[in-house]
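The structure under discussion appears below in the form of structure tokens.
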Amino acid sequence: MEFQEYNFQIQNFQPKLILDCGANIGTSAVYFANKYPDAQIYAIEPEKNHVKLLQFNTVFYDHIHAINSAIWGKETSVDVQFSDLYPNSPLAFMVHETSKKSPDALKTTTVGALFKASGFDEIDFLKMDIEGAEKEVFSAPDVDSWLSKVKVMTIELHDRMKPGCSDAFFKAVSKYHWHFELRGENLIFMRE
């Protein structure tokens, strides 16, 4: 897997806190752990089979914290469902808020809650690939409490899966000064 979208040319960039939202099986978290050995990395993944592989792949990295949860705009419960857009792919899934008390329901967390629990003053690097949940994350009432503390962010927007993701994201980030570029499917934002 190529990680050029995460190879930042920022002078003296030594992150202490990395949030890997949508960590999948942990390949990006391992890349970050090797590149930034002093960083604390929170790797958040909702899909249970991916989480097993995430935990397996990161077991030898004390500074990677694998978390089985979904990133959302508030603390609630979600169901993990395969995406109708990619019915033949075992990797394409989305989370949907649920009010039912299903045994498969998963508790969510927020970027703000992770940031607060980390004890750090800034989020040095936020990687977000959460299959449409960015709409809820960037339209949440607490978005400004943590977005103003992000130094570098990479995000893949999923309007094809959930219309309105880009609108919510750009409305939130437009309040701040960023340099940005496009690499592959990712938008890279760096705080000025």
Just to verify, what does [X] make a side-chain hydrogen bond (donor to acceptor under 3.5 Å, both in side chains) with, not counting sequence neighbours?
X   : result
D38 : none
K52 : none
Y36 : none

N/O donor-acceptor pair under 3.5 Å between [X] side chain and [Y] backbone:
X    : Y    : answer
N186 : T154 : no
D159 : S166 : yes
W178 : V173 : yes
E47  : N49  : yes
T108 : K74  : yes
N68  : E45  : yes
E134 : H158 : yes

Is E122 paired with R191 through a side-chain N to carboxylate O contact shorter than 4.0 Å?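 Looking at R191 and E122, the cut-off is met.
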Ion pair present between E156 and R160, side-chain N to carboxylate O less than 4.0 angstrom?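 Looking at E156 and R160, the cut-off is met.
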Answer with yes or no whether the hydrophobic clustering places [X] together with [Y]; edges join I, L, V, M, F, W, Y residues whose side-chain heavy atoms lie under 4.5 Å apart.
X    : Y    : value
L114 : F120 : yes
I130 : I123 : yes
V78  : V51  : no
M161 : F170 : no
I64  : I67  : no

Min side-chain heavy-atom separation [X]-[Y] under 4.5 Å:
X    : Y    : result
K175 : D144 : yes
Y61  : V30  : yes
D79  : V95  : no
I155 : F138 : yes
M128 : V137 : yes
L17  : F115 : yes
Y42  : I18  : no
L182 : I188 : no

Considering residues, nucleotides and ligands other than [X], do more than 12 of their heavy atoms fall under 6.0 Å from its [atom1]?
X   : atom1 : result
F13 : CZ    : yes
N34 : CG    : yes
K35 : NZ    : yes

Under the side chain to side chain contact (heavy atoms under 4.5 Å, CB included) rule, what do L19 and F125 come out as? Steps first, then yes or no, please. CA-CA 6 Å; L19 300 183; F125 177 44; over 6 Å; no
Over all heavy atoms of both residues, which pair between [X] and [Y] is shortest? Give the atoms and the distance, please.
X    : Y   : value
K127 : S28 : NZ-OG, 3.6 Å
A66  : Q55 : CB-CG, 4.0 Å
D142 : G73 : OD1-O, 4.4 Å

Given E136 and K162, is the salt bridge (charged side-chain N to carboxylate O under 4.0 Å, His left out) satisfied, shown in steps? CA-CA 10 Å; E136 284 75 19; K162 185 184 286 184; 2.9 Å; yes
Please step through side chain to side chain contact (heavy atoms under 4.5 Å, CB included) for the pair W72 and T110, ending with a clear verdict. CA-CA 5 Å; W72 201 250; T110 67; 5.7 Å; no
Sole candidate of K16, H65, H63 that passes side chain to side chain donor-acceptor pair (under 3.5 Å) when paired with Q40: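 With Q40 as partner, K16, H65, H63 yield a single side chain to side chain donor-acceptor pair (under 3.5 Å), made by H65.
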Rest of the hydrophobic cluster containing F56 (Ile/Leu/Val/Met/Phe/Trp/Tyr, side-chain heavy atoms under 4.5 Å)?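 Answer for F56: none, a lone residue.
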In the hydrophobic clustering that connects Ile, Leu, Val, Met, Phe, Trp and Tyr at side-chain heavy-atom distances below 4.5 Å, which members other than L53 occupy its cluster, ordered by chain and number?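 L53 clusters with I25.
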To the closest 0.5 Å, what do you measure between CG (D129) and CG (L157)?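 One finds 10.0 Å between CG of D129 and CG of L157.
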Using 0.5 Å steps for rounding, measure from the CD1 atom of I44 to the CG atom of L54.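 Output value for this atom pair is 9.5 Å.
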In chain order, what residues pass the side-chain contact (heavy atoms from CB on, under 4.5 Å) check against K171, with sequence neighbours excluded?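 So K171 forms no side-chain contact (heavy atoms from CB on, under 4.5 Å) with any residue.
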Would the F189 and F169 ring centres measure less than 6.0 Å apart?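 Ring centres of F169 and F189 closer than 6.0 Å.
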Measure from the ring center of W146 to the ring center of Y176 and say whether it is less than 6.0 Å.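 For W146 and Y176, the ring centres are not under 6.0 Å apart.
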Might you work through the side chain to side chain contact (heavy atoms under 4.5 Å, CB included) test for S77 and L106, ending with a clear yes or no? CA-CA 5 Å; S77 294; L106 179 67; over 6 Å; no
Could you walk me through whether L147 and M153 pass side chain to side chain contact (heavy atoms under 4.5 Å, CB included), step by step? CA-CA 10 Å; L147 186 56; M153 172 175 44; 4.0 Å; yes
